[in-house]
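What follows is a single structure, written as structure tokens, with notes after it.
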Amino acid sequence: MSEKSHEQHKKEQQERLAELGDNDEPVEEEIETTFDATVEQGAQRLQRTFPDMLITGFFGGLEVGLGVMAYLLVLHETGNHLLAGLAFSIGFIALLLAHSELFTENFLLPIAAVIAREASVKRLLMLWGGTLVANLAGGWLFMGLLTLAFPAWHTLLIDTAREFVEAPLSLETAALAILGGSTITLMTRMHQGTDSDVGKIIASVGAAFLLAGIPLYHSVLDSLLIFGAIQAGADFGYLDWLGWFWYTLLLNVVGGVLLVTALRVLRTKSLVEKRRAQAPADPDAPHGDH
């Protein structure tokens with residue numbers, strides 16, 4: 001192709017892009033808008049103080065406990081895991097509308113902010129560690145109240161938790177944990193893809209149904225069931241929980257980071273590079289409006 005023909009072809013491409021959208025990046029306009037919102041919200045989460053991170057995570061543990069309570073109620077009354085999984089969505093709706101967080105919701109947004117140089121890895125590790133510990137503390141407290149309030153559920157709670165705490169690390173359990181991490185991270189991505197509260201609620205219901213109805217393995221959600229079972233007098237304890245928790249936690253991260261976050265970052269590579277070029281020298285400096 002001659003230089004003149006190449007220039008003409010490039011001009012035609014630019015004209016075509018102008019017809020398709022207002023942005024000048026080689027991605028769809030909606031993706032660019034979602035990417036900007038993802039980075040900005042991730043940066044906001046990472047710029048909070050550590051006590052704020054802990055408080056938000058603690059409330060997240062309490063509020064997802066509502067979903068566990070609804071799950072056990074429906075399972076106790078009907079014995080139907082699919083209906084119980086649908087009832088569990090109350091917990092995710094509470095998280096969404098109360099602006100609380102689960103540990104596994106903090107993969108896509110904060111990582112996008114770090115890659116775009118809007119925050120540091122140190123802040124990301126603080127968010128992950130603080131949110132995880134606070135989720136577990138809030139969930140432990142909620143399950144203590146639940147076991148006191150509903151002694152008739154103790155046997156069901158112990159039997160349900162036993163399926164997790166006694167599960168050995170295998171290809172099956174690894175796959176369930178990877179899918180658990182990817183499902184909730186994809187839910188976060190869907191939340192970013194719409195401004196509609198109804199759309200976000202539908203995404204939350206769908207993700208909760210899959211997580212609890214199948215069930216998939218989730219380091220925080222299923223820990224609440226195990227905590228409740230231990231408090232209800234199960235013949236297993238916290239060391240048994242740790243034997244299940246460590247690999248579920250790591251594989252949740254694998255699912256959320258590799259299957260969802262990394263692929264989304266690759267999809268928006270040109271936008272990441274542009275954002276990095278505009279990033280401040282100190283990513284931990286306070287951010288204004290972008």
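Positions are given from 1, in the same order as the sequence printed here.
Put simply, the residue from L125, L127, T131, I115 that forms a side-chain contact (heavy atoms from CB on, under 4.5 Å) with P110 is L127.
Atom CG of L186 is separated from atom OG1 of T261 by 10.0 Å, given to the nearest 0.5 angstrom. A distance of 8.5 Å separates OG1 of T49 from CE of M126, quoted to the nearest 0.5 Å. Between H191 atom NE2 and I201 atom CD1 the span is 8.5 Å, to the nearest 0.5 Å. From K200, atom NZ reaches atom CD1 of I202 across 13.0 Å, with rounding to the nearest 0.5 Å. How far CG of L96 is from OG of S89: 11.5 Å, rounded to the nearest 0.5 Å. Interatomic distance, OG1 of T160 versus CG of L75, reported as 5.5 Å (0.5 Å rounding).
Residue F59 places its CZ atom among 12 or fewer non-hydrogen atoms of other residues, nucleotides or ligands, all under 6.0 Å distant. In this structure, L239 places its CG atom where only 12 or fewer heavy-atom neighbours from other residues, nucleotides or ligands lie under 6.0 Å away. Within 6.0 Å of CG in L171 there are 12 or fewer heavy atoms belonging to other residues, nucleotides or ligands.
Applying the side-chain hydrogen bond (donor to acceptor under 3.5 Å, both in side chains) criterion to E166, with sequence neighbours excluded, gives R162. Applying the ring-ring contact (aromatic ring centres under 6.0 Å, His included) test to F209 and every residue at least two apart in sequence or in another chain returns nothing.
A continuous path of hydrophobic side-chain contacts links F150 to I158 [ILVMFWY only; heavy atoms under 4.5 Å]. L242 and I226 end up in the same hydrophobic cluster when Ile, Leu, Val, Met, Phe, Trp and Tyr side chains are linked at under 4.5 Å. I214 and V205 fall within the same hydrophobic cluster, where Ile, Leu, Val, Met, Phe, Trp and Tyr residues are linked whenever their side-chain heavy atoms come under 4.5 Å apart, directly or through other members. L66 and L97 end up in the same hydrophobic cluster when Ile, Leu, Val, Met, Phe, Trp and Tyr side chains are linked at under 4.5 Å. Hydrophobic clustering keeps L145 apart from L72 (ILVMFWY residues linked when any side-chain heavy atoms are closer than 4.5 Å, directly or through intermediates).
Legend: side chain to side chain donor-acceptor pair (under 3.5 Å) pairs involving residues 133-149, not counting sequence neighbours, sorted by first then second residue: W140-Y238. Among residues at least two apart or in separate chains, salt bridge (Lys or Arg N to Asp or Glu O under 4.0 Å) pairs with a member in residues 88-102 are R45-E101, R48-E101. Screening residues 248-257 for side chain to side chain donor-acceptor pair (under 3.5 Å) gives S219-N252, W244-T248 as the qualifying pairs, with residues at least two apart or on separate chains.
In this structure, the side chain of T188 engages the main chain of I184 through a donor-acceptor pair within 3.5 Å. Side-chain atoms of D159 do not come within 3.5 Å of backbone N or O of L156 as any donor-acceptor pair.
Minimum heavy-atom separation, A232 to H154: CB-CG, 3.6 Å. Of all heavy-atom pairs between F92 and S204, the closest is CD2-O, 3.6 Å. Smallest separation of non-hydrogen atoms from H76 and A152: NE2-O, 3.8 Å. Taking all atoms of both residues into account, the shortest heavy-atom contact from E63 to A94 is OE1-O, 4.0 Å. Taking all atoms of both residues into account, the shortest heavy-atom contact from M53 to L46 is CE-O, 3.7 Å. For the pair Y247 and P168, the tightest heavy-atom approach, listed with the atom from each and the gap, is OH-O, 3.7 Å.
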### Task
Might you work through the side chain to side chain contact (heavy atoms under 4.5 Å, CB included) test for L249 and L132, ending with a clear yes or no?
CA-CA 10 Å; L249 175 67; L132 177 61; 4.0 Å; yes

#### Entry: Residue pair F164, T173: steps toward the side chain to side chain contact (heavy atoms under 4.5 Å, CB included) verdict
CA-CA 9 Å; F164 297 104; T173 56; over 6 Å; no

### Task
Give the C-alpha distance, both sets of side-chain angles, the deciding distance and a yes or no for side chain to side chain contact (heavy atoms under 4.5 Å, CB included) between F88 and V64.
CA-CA 9 Å; F88 174 75; V64 81; 4.1 Å; yes

#### Entry: Chi angles and distances behind the side chain to side chain contact (heavy atoms under 4.5 Å, CB included) call for F227, W241
CA-CA 8 Å; F227 291 163; W241 163 70; 3.7 Å; yes

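Side-chain contact check for L179 versus Y217: every heavy-atom pair is 4.5 Å or farther apart. Side-chain contact between L141 and F58: present, with at least one pair of heavy atoms (C-beta onward) separated by less than 4.5 Å. Looking at heavy atoms from C-beta onward, L251 lies in side-chain contact with L169 at the 4.5 angstrom threshold. Put simply, the side chain of L221 does not reach to within 4.5 Å of the side chain of V68, judged on heavy atoms. Contact of the W153 side chain with the L73 side chain is registered, since non-hydrogen atoms from C-beta on lie closer than 4.5 Å.
Relative orientation of the W128 and F107 rings is perpendicular, given thresholds of 30° and 60° on the angle between their planes. In this pair, Y71 and H81 present their aromatic rings tilted. The plane angle is within the 30 to 60° band.
No side-chain donor-acceptor contact under 3.5 Å links H99 and T56.
Side-chain contacts under 4.5 Å among hydrophobic residues (ILVMFWY), followed directly or transitively, place L83 together with V74.
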